[in-house]
Structure formats: structure tokens, C-alpha cells
**Student:** 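Quick one: structure below, then a few questions.
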Number of protein chains: 2
Amino acid sequence: MDNASLAFRRHNHKHCVNDALHSAVTLCEERGVRLTPLRKQVLELIWQSHKPLGAYALIDLLAAEATRQVAPPTVYRALDFLLEQKLIHRIGALNAFIGCPHPDHSHASHFLLCDECGRAEEIHSKAVSDSIQKAAGAAGFAVTSQSLEVFGLCPDCHKRSSADA
Amino acid sequence: MDNASLAFRRHNHKHCVNDALHSAVTLCEERGVRLTPLRKQVLELIWQSHKPLGAYALIDLLAAEATRQVAPPTVYRALDFLLEQKLIHRIGALNAFIGCPHPDHSHASHFLLCDECGRAEEIHSKAVSDSIQKAAGAAGFAVTSQSLEVFGLCPDCHKRSSADA
DNA sequence: ACGAATATGTTATACTATAACCATTGGTGT
DNA sequence: ACACCAATGGTTATAGTATAACATATTCGT
Ligand SMILES: [Zn+2]
Ligand SMILES: [Zn+2]
Ligand SMILES: [Zn+2]
Ligand SMILES: [Zn+2]
């Protein structure tokens with residue numbers, strides 16, 4: 001079954017969280033890196049929704065859970081780890097972070113970002129990746145990473161705004 | 001002749017600056033908006049190179065020219081104007097701004113960014129734009145703006161790093 | 001247990017961006 | 001010319017994002 005691309009659809013989000021945490025545990029074991037309680041907690045909080053979460057919002061959530069200290073360097077270090085392991089992506093235009101739904105294979109950061117509801121959906125289009133690679137190659141440019149941030153309205157918000165007659 | 005895509009090539013950069021300023025004057029006249037001395041000066045400073053320039057670097061440059069006051073809100077307002085008029089683009093991953101080489105027609109913000117030398121080249125590939133539009137459309141997403149930031153090594157820096165044997 | 005490496009806690013600070021308010025400028029209509 | 005209003009820029013303070021530097025604690029191999 002295709003589990004991808006459901007951020008904008010009605011779905012059982014518990015599955016998203018469980019899958020993400022389970023994948024993270026497995027991958028970190030395989031890679032011999034430590035998904036510590038703090039790192040896991042940060043990952044779980046990021047996955048609490050499909051909306052990119054800012055570092056300081058995350059700090060507030062950690063403070064609310066009140067289980068541990070929450071100074072900025074602590075959370076930024078956890079975010080750095082999760083970014084290195086490709087368990088999360090950073091949305092540059094929003095200074096925010098979002099969980100990666102399939103961290104098992106390396107891939108570029110390509111997102112649809114709804115201006116209205118704030119939800120983000122990661123897209124995986126070979127046509128997009130290939131066309132970017134090709135355009136870069138034509139310029140003699142050796143790509144190491146890509147970030148695509150597409151803003152607009154998700155299906156729900158688009159319908160809703162059309163309904164406002 | 002094709003004047004595009006020369007950020008990574010040897011070229012007479014004075015032409016870039018002159019063209020950009022001339023286009024800006026013309027477009028602002030046509031649009032009935034005011035390219036004030038401050039705004040023009042900021043645009044010219046941004047065009048001093050093909051490297052994205054941070055707002056505070058810009059403030060330092062303005063202070064160096066010593067011709068006017070340079071508090072952050074002043075320069076951010078000028079940047080906002082230039083962004084609205086599409087005379088510059090913002091590079092989210094760098095918190096920096098760069099001149100648009102052809103502000104006369106609206107277009108997405110697609111850049112190649114060299115990790116080594118810092119130069120940025122705007123790319124215009126119909127294949128890229130179309131594939132993004134198509135992917136978004138398939139998800140029922142109504143696009144309003146796009147930002148693509150491709151990191152890697154420009155031809156020069158790639159050659160140079162290959163030479164380090 | 002010991003030491004090295006990794007991870008986290010803590011304090012301070014750097015960097016990026018905006019809010020709020022005031023003075024000045026530039027055009028509009030009379 | 002004059003009053004008027006909108007747009008621009010100056011000024012001060014503050015919000016929001018991220019990291020430097022150093023201390024402490026934990027983990028892991030030996
Ligand atoms: Zn979900
Ligand atoms: Zn939405
Ligand atoms: Zn040039
Ligand atoms: Zn380069």
C-alpha cells in the first residue's frame with residue numbers, strides 16, 4: 001500500500017507517529033548512532049502534527065512536558081542530530097522543522113506548504129528530481145543537496161476558499 | 001544574445017549592475033512605484049556581487065558608504081519593497097538576498113548555490129517549473145510561489161576540488 | 001574501575017527580523 | 001499657495017532564531 005502523501009488527507013495520525021518512531025529506532029540501531037530519550041522525545045514532538053515546528057515552539061512543548069531542561073542549545077543539538085540522520089527536514093522559509101516520513105532512503109527535501117492551514121506534505125517526484133539534476137548538470141553544477149519549498153493552498157483550504165463566494 | 005546564467009562564468013560584472021539598475025528604474029516607472037535613492041542604493045549594493053547578501057552585511061555596507069542612517073528597519077523596508085517588486089529574491093537557507101537578473105517577467109525563485117565560493121546563479125528551466133507544477137497539481141495543491149535552493153559546487157570550485165589529489 | 005568519547009546542562013551572546021512611534025517628504029485637490 | 005493625506009524614512013526598543021564556550025554527566029570499550 002501507498003502510505004505516502006497523506007498529510008492533506010484524513011488519516012489516523014497515530015500510525016504516522018508510530019511508523020516514524022519505529023523507523024527511527026531501527027535506523028539508528030543499524031547506523032550505530034544513539035537515539036537518546038531526548039532525541040526521541042524531540043522527534044515525537046515534531047511528529048505531533050504535519051505542521052513544521054519552530055525550535056522555540058519545541059522548547060515550549062518540552063517545558064510543558066516538564067520532564068527535562070529546555071535551553072536552546074539542548075534542543076538545537078537534538079535537531080542537528082535528527083537532521084544529520086535525515087529523520088527530519090528543515091523548512092528554510094519558515095525556520096521550522098518537520099518529520100521525514102521515509103528516512104530509510106536518502107532524498108532531497110521537497111515540500112508542499114499550505115499558506116492557510118500550515119500543513120506540509122513531502123513530495124517525491126522523480127520528474128522533479130531529475131529535471132533539477134538535469135538543469136544543474138547543464139550549468140556544470142555538482143549537486144549535493146536540494147531544497148524545494150512550494151507554497152500555496154492544500155486541497156482542503158483551496159475548496160474552503162472557493163466556497164467563500 | 002543570451003545574457004543569462006553567467007554568475008559562475010567570467011564576465012564583465014559592471015554590465016550586470018547597469019542592466020539591473022536600468023531595468024529597475026524602467027519597471028518602477030511603468031508600475032508607478034518609487035525607486036527612491038535608498039532603495040536604489042540597496043539594490044546596487046546587493047548587485048555588487050553574485051553572492052547573496054545578508055541584511056546586516058548590507059547595513060554595514062551602507063554605514064561604510066556613510067551617506068545615510070542605517071538602522072535595521074530602514075534596510076528591511078527597502079528589502080521588502082525590492083522583494084515586492086521582484087527586483088530581488090530571498091534565499092531562505094542563507095537568510096540572504098540576491099538580485100534578480102530579469103525582473104521584467106514574474107517567475108519562481110530557483111537557484112544554484114555554491115557551498116564553496118558562495119556565488120548563486122538563478123536558473124530558468126521550464127522542465128523544472130513544469131514538473132513542480134505537475135507534482136503539486138497531482139496532489140490537488142494550488143501553487144502560489146516556489147523556492148528551489150540547490151546546493152553543491154559550481155564548475156570552478158568543482159574543478160578546483162578535483163585538482164586536490 | 002578507568003579513561004576517552006559522546007551527550008547534555010548552563011550561561012552568555014550573536015544574528016535575523018519586526019513593532020511602535022515620530023518626522024519628513026511628495027503628491028492631490030481646492 | 002494651501003491644507004490634506006499617503007508614503008517614506010528615522011529612531012528606539014524588542015521579538016525571534018541560532019550558536020559559542022565551558023561545565024557536568026553519561027556511555028562504552030578496556
Ligand atoms: Zn499523519
Ligand atoms: Zn491547508
Ligand atoms: Zn555579474
Ligand atoms: Zn563556487
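Proteins come first, then strands; the chains are lettered A, B, ... in the order of their sequence lines, and each starts at number 1.
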**Student:** Between atom CG in B/Leu79 and atom C1' in C/dA17, what is the gap in whole Å?
**Tutor:** 11 Å

**Student:** Aromatic ring centroids of A/His124 and A/His107 under 6.0 Å?
**Tutor:** yes

**Student:** Of B/Phe97 and A/Pro37, whose nearest nucleotide on DNA chain C comes first from the 5' end?
**Tutor:** A/Pro37

**Student:** How are the rings of A/His102 and A/His105 set to each other: parallel, tilted or perpendicular (split at 30° and 60°)?
**Tutor:** tilted

**Student:** Output a table of nitrogen or oxygen pairs between the protein and nucleotides 11-16 of chain C separated by less than 3.5 Å.
**Tutor:**
none

**Student:** Over how many whole Å does the gap from A/Leu58 atom CG to D/dG16 atom P extend?
**Tutor:** 16 Å

**Student:** Measure from CD on A/Gln85 to C1' on C/dA7 and round the result to the nearest Å.
**Tutor:** 14 Å

**Student:** So, do B/Phe111 and B/His89 have ring centers that fall under 6.0 Å from each other?
**Tutor:** yes

**Student:** State which residue, out of A/Leu58, A/Asp80, A/Leu45, fulfils the side-chain contact (heavy atoms from CB on, under 4.5 Å) condition with A/Val75.
**Tutor:** A/Leu58

**Student:** Between B/Ser131 and A/Ser131, does a side chain to side chain donor-acceptor pair (under 3.5 Å) hold up when you go through it step by step?
**Tutor:** CA-CA 7 Å; B/Ser131 65; A/Ser131 65; 3.0 Å; yes

**Student:** Do the side chain of A/Arg39 and the main chain of A/Arg34 share a donor and acceptor less than 3.5 angstrom apart?
**Tutor:** yes

**Student:** Below 4.0 angstrom from OP1 or OP2 of D/dG10, is there any side-chain N or O of B/Thr74?
**Tutor:** yes

**Student:** Could you run through nucleotides 22-30 of chain D and give me one letter per nucleotide, 5' to 3': B if any protein heavy atom sits under 4.0 Å from the base, S if only the sugar-phosphate is that close, - if neither?
**Tutor:** -----S---

**Student:** B/Asp156: which residues meet the salt bridge (Lys or Arg N to Asp or Glu O under 4.0 Å) condition with it, sequence neighbours left out?
**Tutor:** B/Arg119

**Student:** Rounded to the nearest angstrom, tell me the gap between atom CG in B/Asp80 and atom P in D/dG9.
**Tutor:** 12 Å

**Student:** Among C/dT8, D/dT8, D/dG10, which nucleotide has an atom closest to any side-chain atom of B/Leu38?
**Tutor:** D/dG10

**Student:** When the distance from CG of A/Leu82 to C1' of D/dA18 is rounded to whole Å, what number comes out?
**Tutor:** 16 Å

**Student:** Let me know the distance between CG of A/Leu62 and C1' of C/dT10, rounded to the nearest Å.
**Tutor:** 16 Å

**Student:** Whole angstroms only, please: what is the CG-P distance between A/Leu35 and C/dA7?
**Tutor:** 11 Å

**Student:** Is there a side chain to side chain donor-acceptor pair (under 3.5 Å) between A/His110 and A/Gln146? Walk through the geometry before answering.
**Tutor:** CA-CA 8 Å; A/His110 292 175; A/Gln146 305 175 9; 2.8 Å; yes

**Student:** Phosphate oxygens OP1/OP2 of C/dA7: is one of them under 4.0 Å from a side-chain N or O of A/Thr36?
**Tutor:** no

**Student:** Is the A/His15 to A/His22 ring centre distance short of 6.0 Å?
**Tutor:** no

